[in-house]
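In what follows, a structure is listed as structure tokens, so that the remarks can point back to it.
All figures in this text were calculated on a predicted structure; none of them were measured in a lab. Atoms within a ligand are numbered from 1 in the order they appear, just like the ligands themselves.
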Amino acid sequence: MDLEKKEYINKIKSLAREKNAVIFAHYYTRPEIQEIADFIGDSLALAQQATRVQADILVMCGVHFMGETMKILCPDKKVLIPDMNAGCSLADSCKAEDLQQFINHQSATSNDKPIVVSYVNTTAEVKALTDVVVTSSNARKIVDQLPKDAKIIFGPDHNLGSYINSVTGRNMILWNGACHVHSRFSLEALLQLKAQNPGVEVLAHPECKAPILAQSDVIGSTKALLDHTVKSPAKRFIIATESGILFEMKRACPDKEFIPVPPEVTEGIGCSCNECEYMRMNTLEKVYNCLLRETPEIRVPKETASKAISSISKMLEMSK
Ligand code: 13P
Ligand code: SF4
């Protein structure tokens, strides 16, 4: 039987205390999940924070790759995820065996061994094939530190890779993957919003397509966009990223207005907001049940984890 929201919140809090558990949430989760979280962050901050907390259980309210990253960084802790089906279309767009073939092909076409840079939105198996992982917060900083003449493979997000190529002057070889949420923002709607709201800054996540980024004033990770809204004296912003971030933006700046860019509507199908259905799989009921039963639990095979840890650790080192 469904418990009321308030009752769930109280029960989750007391279970977490009893079991020495810490609850993490990404900015794209439902408002009530962000409300109960001990820590909210972007992909980089969630991974960094996981290594700092003293806890027996980490509950990752986000998507599967975020739980895997935590488990790889904290192998002695139990990492729970409220719904094992909370995947990521971007991570799904790059299978480890396909990436291995791509690397083999690129290695065979020249004498230079490529450096493999993978976005954190990837499986543990892909991270195990990777030299250095990046997130949207640190991709530019890390790519800038790689040798100038290096042959670099970047995957899986083509939009982020193109953006990083444009700001670093590199010519990385790009995997052709994309996030289904970020690649469906409507350019037409954005242009209309800009015309209706002259002078209002556009804030976009680098997973958006190039024409959206070309119309944007600030491009950054969820945390960078949030920080910008707090620091900026402006009162209104147009936002091109998953709409869950609006909750934190409104909480941090209650006197400011945030206008979300809508998605393209394809053949009558489309939602009025840009929501990642995987992130929305995290509900209070599932958080409560996973803490109570201590399942579903994220497990990463030892051999994969021991290879993946070096590319994640390299990222943490290079982003200092
Ligand atoms: P951030 O690292 O910017 O939070 O992005 C994660 C993500 O999944 C974006 O779609
Ligand atoms: Fe993956 Fe896109 Fe959802 Fe982010 S918004 S978790 S990239 S599907």
Side-chain angles (χ1 to χ4, degrees), residues 24-30 33-34 37 39-50 60-70 73 81-95 117-123 126-127 133-142 154-161 163-164 175-185 203-209 212-213 216 218-229 239-249 260-261 263 271 273-282 312 315-316 319:
F24 294 83
H26 187 267
Y27 293 118
Y28 293 164
T29 52
R30 295 165 187 271
I33 298 293
Q34 297 188 45
F39 186 81
I40 315 167
D42 65 3
S43 308
L44 177 64
L46 291 167
Q48 286 170 326
Q49 189 66 16
M60 183 60 241
C61 301
V63 292
H64 191 265
F65 76 80
M66 295 176 174
E68 268 189 344
T69 307
M70 267 184 184
L73 284 167
I81 181 161
D83 190 326
M84 208 40 129
N85 295 316
C88 167
S89 55
L90 184 50
D92 288 346
S93 70
C94 185
K95 301 268 176 274
V117 179
S118 293
Y119 192 32
V120 70
N121 297 41
T122 44
T123 61
V126 164
K127 290 186 178 81
V133 169
V134 297
T135 72
S136 49
S137 297
N138 58 26
R140 181 179 186 168
K141 186 173 182 181
I142 289 177
F154 183 97
D157 193 63
H158 197 277
N159 295 327
L160 174 66
Y163 170 68
I164 298 297
W175 186 266
N176 197 17
C179 156
H180 72 298
V181 179
H182 286 88
S183 52
R184 72 184 175 205
F185 284 106
L203 278 51
H205 195 279
E207 285 174 23
C208 295
K209 285 181 182 167
I212 297 281
L213 298 182
S216 302
V218 181
I219 298 168
S221 74
T222 48
K223 172 83 168 75
L225 301 184
L226 174 65
D227 288 350
H228 181 81
T229 61
I239 310 291
T241 190
E242 211 271 3
S243 58
I245 188 76
L246 301 188
F247 175 72
E248 269 312 302
M249 287 177 170
V261 179
C271 56
C273 51
N274 280 290
E275 293 184 353
C276 170
E277 56 271 48
Y278 301 114
M279 290 282 185
R280 308 286 158 153
M281 285 181 182
N282 295 283
I312 300 172
M315 166 185 80
L316 296 179
S319 53

- [ ] Output the list of atoms in ligand 2 that are nearer than 4.0 Å to some heavy atom of Ser89, sorted by atom number.
- [x] 8 (S)
Open item on the list: Looking at Glu207 and Cys179, would you say the former's side chain and the latter's main chain have a donor-acceptor pair under 3.5 Å?
Closed with: no
- [ ] Out of Glu207, Glu242, Met279, Met66, indicate the one that has the non-hydrogen atom closest to atom 10 (O) of ligand 1.
- [x] Glu207
Task: Distance from atom 6 (C) of ligand 1 to nearest protein heavy atom, with residue and atom - done: Ser43 OG, 3.4 Å
Open item on the list: What protein heavy atom lies closest to atom 2 (Fe) of ligand 2? Include the residue and the distance to one decimal.
Closed with: Cys179 SG, 2.3 Å
Task: Minimum-distance protein heavy atom relative to atom 5 (O) of ligand 1 - done: His205 NE2, 3.3 Å
Open item on the list: Against ligand 1, does Cys179 come closer than 4.0 Å with any heavy atom?
Closed with: no
Open item on the list: At less than 2.8 Å, would any N/O/S atom of Cys88, backbone or side chain, sit next to atom 1 (Fe) of ligand 2?
Closed with: yes
Open item on the list: For His180, state whether at least one heavy atom is located under 4.0 Å from any atom of ligand 2.
Closed with: yes
- [ ] Report yes or no: does a heavy atom of Tyr27 sit under 4.0 Å from some atom of ligand 1?
- [x] no
TODO: Determine whether the side chains of Ser221 and Asp42 contain a donor N or O and an acceptor N or O closer than 3.5 Å.
DONE: yes
- [ ] Consider ligand 1: state whether an atom of it lies below 4.0 angstrom from any non-hydrogen atom of His26.
- [x] yes
Open item on the list: Below 4.0 Å, non-hydrogen atoms only: which portion of Cys276 touches ligand 2? Side chain, backbone, both or neither.
Closed with: side chain
Open item on the list: Does only the side chain of Asn121 get under 4.0 Å from ligand 1, or the backbone, or both, or neither? Count heavy atoms.
Closed with: side chain
TODO: Begin from the C-alpha positions of Phe24 and Met66 and carry the test side-chain contact (heavy atoms from CB on, under 4.5 Å) through to its verdict.
DONE: CA-CA 10 Å; Phe24 294 83; Met66 295 176 174; over 6 Å; no
Open item on the list: Would you compute the distance between atom CD1 of Ile219 and atom CG of Leu160 and round it to the nearest 0.5 angstrom?
Closed with: 10.5 Å
Task: ligand 1-proximal atoms of Thr135, by part, heavy-atom distance under 4.0 Å - done: neither
- [ ] Find the distance between CD1 (Ile81) and CE (Met281) and round it off to the nearest 0.5 Å.
- [x] 10.0 Å
